[in-house]
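Since this is a predicted model, take the numbers as computed values, not measurements.
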Amino acid sequence: MKKNIILGLAVVLMLASCNKDEKILNTLNEYNNSMVEKGYHFGDKLELPKEVTENAESISISFGDKETSSLTVDPKFFTLGDNAVTFNIKTKGGKVLNQDATINVFAKNPEKNIAFQIIAEYPHDPKNFVQGFQIEGNTIYESDGQNGSSQILKYTLGTTTPLASTKQAQEDFSEGSTIVGDKVYQLTWQSKKGYVYDKSSLKLLSEFAYPNVLGEGWGLTYDGKNLIASDGSKLLYFLDANDPSKLIKYVAVAGSSQIYDQLNELEYHNGFIYANVWQKPVVLKINPATGEVVGTFDFTEIAKQNTKGSDDVLNGIAFKGDNMLVTGKNWPKIYEVQIK
């Protein structure tokens, strides 16, 4: 009889402990879910519920191969945008509880809606599936995608007749491109390599492998020192222009209340990176030092006139002086807009 009483007490205590652990995890989950939309800023402290803190001997947060016991949103640990983390709680009862969560970190300053007006329109070959787009002088350099029809070409703004062009192999899907001195650099989508061409003739000079961290090739630009690439995520990768296989650093991108990923065609101008968001008629103005989106261009009305399906979307940014040129995949026009 005595053994049965002791066994019964042990079961009760075990159930109570399990219920307490479950309550801690449920409370933490409710808190994290409530903070997903609101998010944090760098320097904020995670104000975890008392149900969690009062029953914890220690709390840490792991993120990839990093772990911290600080509950402050530190840029040394977190990045802008969404951070997939795991909370590790050692209870006062000696158990270790783990829970996955997403911590969103937003920029402190709201991004500005940048006004503009269309001041000119130019023809664009609607067969061109634009992936990379830039202008030097009055010459457009364009990288066009699709397996079997990918190419790099150049033509005079106002015409659609190529001055020079080079086709890619059947297996290549051309992506972003940029001008560096007397060369043109071009990415491919999933071939894990890029190409370098002579700017004058567009003759292929060499190729390079991506650094391992770069999953795919999307957009590409040049800030005067480094190449800057996107891979469809929230990250921008800075590559050594002399050795594009070498990663210098990366920054994550976010606005004050929104996470931006699927960053695509890129352009660098006057100290800022401009990026279009795949499948959205939006161009972002990004601080390259922090990844903060400081402004947005809404090209909805232009896109409506040219987008008939799911693929012919806005995708092309270049600067003609201080005016921006915008176009899209299979669009018949290039628009010159004056920024107000």
Side-chain angles (χ1 to χ4, degrees), residues 79 130-137 139-145 150-154 164-166 168 172-253 263-276 283-292 315-321 324-325:
T79 68
V130 182
Q131 300 291 105
F133 188 72
Q134 52 274 310
I135 187 170
E136 187 176 83
T139 303
I140 296 286
Y141 293 79
E142 188 172 311
S143 174
D144 297 321
S150 286
Q151 62 177 332
I152 187 83
L153 73 157
K154 67 177 185 177
S165 65
T166 298
Q168 271 75 63
D172 286 338
F173 192 118
S174 294
E175 284 283 348
S177 60
T178 194
I179 298 168
V180 180
D182 60 357
K183 297 179 177 65
V184 178
Y185 288 67
Q186 181 192 42
L187 300 181
T188 58
W189 181 26
Q190 294 178 323
S191 298
K192 298 287 287 184
K193 63 181 178 181
Y195 295 115
V196 182
Y197 303 90
D198 174 74
K199 186 176 67 176
S200 178
S201 65
L202 294 186
K203 178 183 176 181
L204 179 63
L205 300 175
S206 61
E207 61 182 65
F208 58 90
Y210 296 165
N212 289 333
V213 69
L214 194 65
E216 296 179 344
W218 283 45
L220 188 68
T221 191
Y222 178 60
D223 66 2
K225 181 179 179 182
N226 297 311
L227 296 169
I228 304 170
S230 63
D231 66 351
S233 68
K234 68 175 182 177
L235 301 177
L236 294 173
Y237 303 88
F238 291 70
L239 311 178
D240 187 336
N242 296 316
D243 179 9
S245 300
K246 180 181 178 182
L247 176 71
I248 303 298
K249 65 174 184 176
Y250 65 83
V251 296
V253 174
L263 304 176
N264 201 3
E265 215 270 314
L266 305 176
E267 186 75 15
Y268 183 87
H269 180 68
N270 285 350
F272 291 93
I273 299 169
Y274 293 79
N276 87 283
V283 170
L284 311 177
K285 182 180 180 180
I286 303 165
N287 182 333
T290 63
E292 294 186 9
N315 199 86
I317 312 163
F319 275 89
K320 182 174 176 281
M324 183 188 291
L325 298 179

CG (N226) and CG (N242) are apart, to the nearest 0.5 Å, by 9.5 Å
Can you tell me how far the CG atom of N287 sits from the CD1 atom of I273, to the nearest 0.5 Å? 8.5 Å
In chain order, what residues pass the side-chain contact (heavy atoms from CB on, under 4.5 Å) check against T221, with sequence neighbours excluded? T178, I228, L266, Y268
A quick test of your reading: do over 12 heavy atoms of other residues, nucleotides or ligands sit less than 6.0 Å from NZ of K246? no
Student check: side-chain heavy atoms of K234 and T79 closer than 4.5 Å: yes
Working to the nearest 0.5 Å, report the span between NZ of K192 and OG of S245. 10.5 Å
Would you check if M324 and I317 make a side-chain contact, meaning some heavy-atom pair closer than 4.5 Å? yes
What closest approach, in Å, do A241 and Y185 show between heavy atoms, and which atom pair accounts for it? O-OH, 3.1 Å
Give me the atom names and distance for the closest heavy-atom approach of E142 to Q134. N-NE2, 4.2 Å
Nearest non-hydrogen partners of V130 and N315, listed with the distance: O-ND2, 2.9 Å
Between T188 and D172, is any side-chain donor less than 3.5 angstrom from a side-chain acceptor? no
Taking the side chain as C-beta and beyond, is there a heavy-atom pair between L235 and V251 under 4.5 Å? no
Just grab all the salt bridge (Lys or Arg N to Asp or Glu O under 4.0 Å) pairs involving residues 216-228, residues at least two apart or on different chains. none
Could you check whether any side-chain N or O of Y250 sits under 3.5 Å from a backbone N or O of L214, counting only pairs where one atom can act as donor and the other as acceptor? no
So, F319 versus Y274, ring centres under 6.0 angstrom or not? yes
Check: D231/Y210 side-chain N/O donor and acceptor closer than 3.5 Å: no
Can you list everything that forms a side-chain contact (heavy atoms from CB on, under 4.5 Å) with S165? Sequence neighbours excluded, please. Q151, L153
Restricting to non-hydrogen atoms, name the atom on V184 and the atom on S177 that form the minimum distance, rounded to 0.1 Å. CG1-CB, 4.4 Å
Taking the side chain as everything from C-beta on, heavy atoms only, tell me whether I179 gets closer than 4.5 Å to Y222. no
Heavy-atom distance under 4.5 Å between the side chains of F238 and P288, does that happen here? yes
Output the distance between atom CG (L202) and atom OH (Y197), rounded to the nearest 0.5 Å. 8.5 Å
Under 6.0 Å from the CG atom of D243, do we count more than 12 heavy atoms belonging to anything else shown? yes
